[in-house]
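Remarks on the structure that follows.
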Amino acid sequence: MEIIKVKGGKPLTGRVRISGAKNAALVLMAASVLAHGESVIENVPRIQDVEILISLLQSIGVEVEWRQDSTLAIHVPDNVCQRTPYDLSKRLRASNLLLGSIIGRLGFAEISLPGGCDIGSRPMDLHLKGLQMLGFETQVEHGYILGKAVRPKGSKIYLDFPSVGATENIMMAACVVPGSTIIENVAKEPEIVDLANFLNAMGAKVRGAGTDIIRIEGVPILKGVRYGVIPDRIEAGTYMTAAAISGGDVTLENVIPTHVQPVVAKLRESGAKIVEVDDEIRVTAEQKAVPLDIKTMPYPGFPTDMQSQMMALLSLANGTSVIVENVFENRLQVADELRRMGARIKVEGHTAVVEGVERLYGTCVKATDLRAGAALLVAGLAADGTTEVGHAQHIYRGYENVIEKFTNLGADLEAVEN
Ligand code: EPZ
């Protein structure tokens, strides 16, 4: 098992460059299956989730290779396979994003259900409802989604919840379905806008990404393009929180400030000093955090992917905070691990009441998901003694060069395998 040991008490100082966004890179890689000819995607983070999706694409016949450090070249053959393998799909929730692109390209698809994970059951009802309204027949059999085009045509779709994945799958399929599609109550995350820009560069006609309504005119063919992934707003938020909890002075490079506004606003409310200049953000914090109330919401609300990291910060605030998780049904488990470090957190349903304590103590803890792992690292930076974060492979899934980046900021971090 992979463990990351972090010795607390050292304020982070210096500069850190933010990598390409995991949740944009993954959907762009999936969308490239729609393209005829080669796609070249730049600023792709070298993280485990990307490596797993590369293997998955290769297993269905797609040629994928790393060019320079962060550039992927992807070429999709005409005989690309419609069926994704269970063994790789179960390791990556985002494997479900191949549904929209494979069914869009081939007219049929057999996508392994990626299964739930620790933060919730992760159903796909909204994905399937949208595809059915686009004239695809879908059924779920033996752990696979079987879909095929029956009367593919544009449609008016209303999403009961602004699901990121459902918005993405429906967008990808609608781009190559004849006629006009209107999708209402869509996700507005920056990754949705990045996908729309990528699809339009490929020759699609997508308008309104980033608003509540997306309009798409279907086109017969999409071509491979060269495109750069946006910076990772959640990685950025994680390093900003690390700077705040450690009482440090850190400048983040390669950030799009508007994408991190919800986190900047809350960190400022907690007392951190944040200065934005072009694509850099400087975070300094001298005193303990001021307690806050946080409610996670779909973008532009406070991101659920930053909820655990903020819980770590607020565990040391000088007062009591309330965190409500509105997006996933089971994403407060990091409280159990933070309690092991001395945090005082009471969880009732979707709400965590965090009573700030004087200090946290290093001990052995376990990452239950990617962001919980990041939160435990963040907590370890400010804890007395050494914190051993187990199941650290969760962290490597989504944080590029995490040991090196934190070490360069002065953190006392060591990766061990046992
Ligand atoms: C994406 O997951 C992200 N993953 C998640 O990031 C992120 O937390 C999430 O969006 C919300 O922002 C990728 O982009 C690869 P959803 P996704 O569909 O698309 C329910 C990380 O840490 N729902 O917006 O799976 C669902 O159960 C990861 O980087 C349905 O009910 O999220 C959840 O409660 C974690 N039916 C809520 O919607 C559906 O058909 C939000 O899920 C689909 C979703």
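For the single chain, residues carry numbers from 1 onward in sequence order. Counting starts at 1 for both ligands and their atoms, following the listed order. Values in this document were obtained by computation on a predicted structure and should not be read as measured data.
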Answer with yes or no whether P123 contacts ligand 1, where contact means a heavy atom under 4.0 Å from a ligand atom.
yes
Below 3.5 angstrom, do we get any N/O pair linking V327 and ligand 1?
yes
shortest atom 36 (N) of ligand 1-to-protein heavy-atom contact is with D125 OD1, 2.7 Å
In terms of heavy-atom contacts, does NZ of K129 have more than 12 from other residues, nucleotides or ligands at under 6.0 Å?
yes
CG (N43) and CG (L72) are apart, to the nearest 0.5 Å, by 11.0 Å
Below 3.5 angstrom, do we get any N/O pair linking V164 and ligand 1?
yes
Answer with side chain, backbone, both or neither: which part of E191 has a heavy atom less than 4.0 angstrom from an atom of ligand 1?
neither
Nearest protein heavy atom with distance in Å, relative to atom 17 (P) of ligand 1:
R122 NH2, 3.8 Å
Mind checking salt bridge (charged side-chain N to carboxylate O under 4.0 Å, His left out) for R17 and listing every partner two or more places apart, or none if nothing turns up?
none
Report yes if E168 has an N/O atom closer than 3.5 Å to an N/O atom of ligand 1; otherwise report no.
no
Quick check: G165 and ligand 1, any N/O pair under 3.5 Å apart?
yes
Evaluate L126 for polar contact with ligand 1, using N/O atom pairs at a separation under 3.5 Å.
yes
Using a 3.5 Å cut-off on N or O atoms only, is S163 in polar contact with ligand 1?
yes
Any non-hydrogen atom of R331 lying under 4.0 Å from ligand 1?
yes
Any protein heavy atom < 4.0 Å from atom 15 (C) of ligand 1:
yes
In ligand 1, which numbered atoms sit nearer than 4.0 Å to a non-hydrogen atom of R93?
25 (O)
Closest approach of any protein heavy atom to atom 3 (C) of ligand 1, naming residue and atom:
N23 ND2, 3.6 Å
Ligand 1 atoms in contact with F161 (distance to a heavy atom under 4.0 Å)
37 (C), 38 (O), 41 (C)
Check whether more than 12 heavy atoms from other residues, nucleotides or ligands sit under 6.0 Å from atom CZ of R282, and answer yes or no.
no
Among non-hydrogen protein atoms, atom 32 (O) of ligand 1 lies closest to F328 CZ, 4.0 Å
When distances are taken from atom 22 (O) of ligand 1, the protein heavy atom at minimum range is R371 NE, 2.9 Å
Under 4.0 Å, heavy-atom basis, I'd like to know which part of L370 is in contact with ligand 1: side chain, backbone, both or neither.
side chain
Specify the protein heavy atom at minimum distance from atom 8 (O) of ligand 1: its residue, its atom name, and the distance to 0.1 Å.
D305 OD1, 2.6 Å
